Novice: 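One structure follows; several queries about it will come next.
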Amino acid sequence: MAGSRLEKFGTVFTRVRDLMRSGVIQDTPTWYEVFKAFPPKKDPVYVKPQYGFYKKDEFVADIFYEEDKIRAKFYEMYGTGPRLLDLSKSNYTSACQRFLETYSRLESLGELDMSALFEETGKILLAEGLVLRRKGAPVVSSEYRDPVLEFKLTDMLAEQQSGSAAEKQ
């Protein structure tokens with residue numbers, strides 16, 4: 001019992017009593033004689049704590065805020081955003097949080113419906129420099145693709161080498 005610190009295996013009094021009997025403790029603690037002379041009326045017994053703060057027949061309602069719906073739609077449409085969450089900075093705001101703040105600001109004006117408001121928020125964040133890509137969408141849409149990007153690297157190198165060979169001659 002000396003190795004056990006749990007009170008369910010014995011009270012402090014019984015553990016100290018047993019340690020004194022075995023000779024581990026030579027000096028009697030001051031409180032020991034008082035406790036022995038005046039024991040408590042009810043022996044201190046370990047009672048297992050009860051888990052469950054409500055009765056089984058009680059219903060606990062789910063808590064949802066309006067902004068949770070907007071967050072869910074954001075994550076469904078854009079995923080986690082353009083970069084990972086940086087929890088090392090205390091003042092860091094995620095792409096979703098910036099989206100939510102802008103959405104709330106536009107919603108307070110009360111001019112647009114939900115889908116148009118969602119699109120306008122994305123446009124405003126794009127103007128602020130936050131690029132949001134829809135899930136499954138190509139990185140660069142084909143209609144805005146620059147023709148320079150269509151060149152192959154081997155073609156560019158061959159063209160460059162032929163140009164440098166022509167300059168040497």
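These numbers come from a predicted model, not from an experiment.
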Novice: Return the OG1 to CG distance between Thr121 and Leu126, rounded to the nearest 0.5 Å.
Specialist: 12.5 Å
Novice: Working to the nearest 0.5 Å, report the span between OH of Tyr32 and CD1 of Ile25.
Specialist: 9.5 Å
Novice: Going only through I, L, V, M, F, W and Y residues with side-chain contacts under 4.5 Å, is there a path from Leu100 to Phe64?
Specialist: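 Leu100 and Phe64: separate clusters.
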Novice: Nearest 0.5 Å, please: how far is OH in Tyr103 from CZ in Phe74?
Specialist: 13.0 Å
Novice: Just jot down the side-chain hydrogen bond (donor to acceptor under 3.5 Å, both in side chains) partners of Glu119, sequence neighbours excluded, or say none.
Specialist: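 By the side-chain hydrogen bond (donor to acceptor under 3.5 Å, both in side chains) rule, Glu119 matches Arg134.
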Novice: What is the distance from atom CD of Glu67 to atom SG of Cys96, rounded to the nearest 0.5 Å?
Specialist: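 That separation rounds to 9.5 Å.
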Novice: Return the set of residues passing side-chain hydrogen bond (donor to acceptor under 3.5 Å, both in side chains) with Glu128 (not counting sequence neighbours), or none when no residue passes.
Specialist: Arg98
Novice: Should Glu120 and Lys123 be marked as a salt bridge (Lys or Arg N to Asp or Glu O under 4.0 Å) after you check the CA-CA gap, both sets of side-chain angles, and the distance that decides it?
Specialist: CA-CA 5 Å; Glu120 280 299 313; Lys123 289 177 185 176; 3.8 Å; yes
Novice: How about Arg71 and Gln97: do any of their side-chain heavy atoms sit closer than 4.5 Å?
Specialist: yes
Novice: Tell me, please, which residues at least two apart from Asp27 pass side-chain hydrogen bond (donor to acceptor under 3.5 Å, both in side chains).
Specialist: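 For Asp27 there are no side-chain hydrogen bond (donor to acceptor under 3.5 Å, both in side chains) partners, ignoring immediate neighbours.
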Novice: Would you indicate whether Tyr92, at its atom OH, is surrounded by more than 12 heavy atoms from other residues, nucleotides or ligands within a distance under 6.0 Å?
Specialist: yes
Novice: Under a 4.5 Å cut-off applied to non-hydrogen side-chain atoms, are Asp18 and Arg15 in contact?
Specialist: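 No, too far: nothing below the 4.5 Å cut-off.
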Novice: Side chain of Glu33, backbone of Thr30: donor and acceptor closer than 3.5 Å?
Specialist: no
Novice: Return the CD1 to CG distance between Ile124 and Leu106, rounded to the nearest 0.5 Å.
Specialist: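 Ile124 CD1 to Leu106 CG: 4.0 Å, rounded to 0.5 Å.
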Novice: Could you walk me through whether Trp31 and Val16 satisfy the side-chain contact (heavy atoms from CB on, under 4.5 Å) test, starting with their C-alpha distance in whole Å, then the side-chain angles of each, then the deciding distance to 0.1 Å, before giving a yes or no?
Specialist: CA-CA 11 Å; Trp31 59 266; Val16 169; 3.9 Å; yes
Novice: Do Asp68 side-chain atoms and Tyr65 backbone N/O form a donor-acceptor pair below 3.5 Å?
Specialist: yes
Novice: For a 4.5 angstrom cut-off between non-hydrogen side-chain atoms, does Ile70 reach Phe99?
Specialist: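 The answer is yes, as the side chains (C-beta and beyond) meet within the 4.5 Å cut-off.
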Novice: Treating Ile, Leu, Val, Met, Phe, Trp and Tyr as nodes and any side-chain heavy-atom pair under 4.5 angstrom as an edge, say whether Leu112 and Leu109 lie in one connected cluster.
Specialist: yes
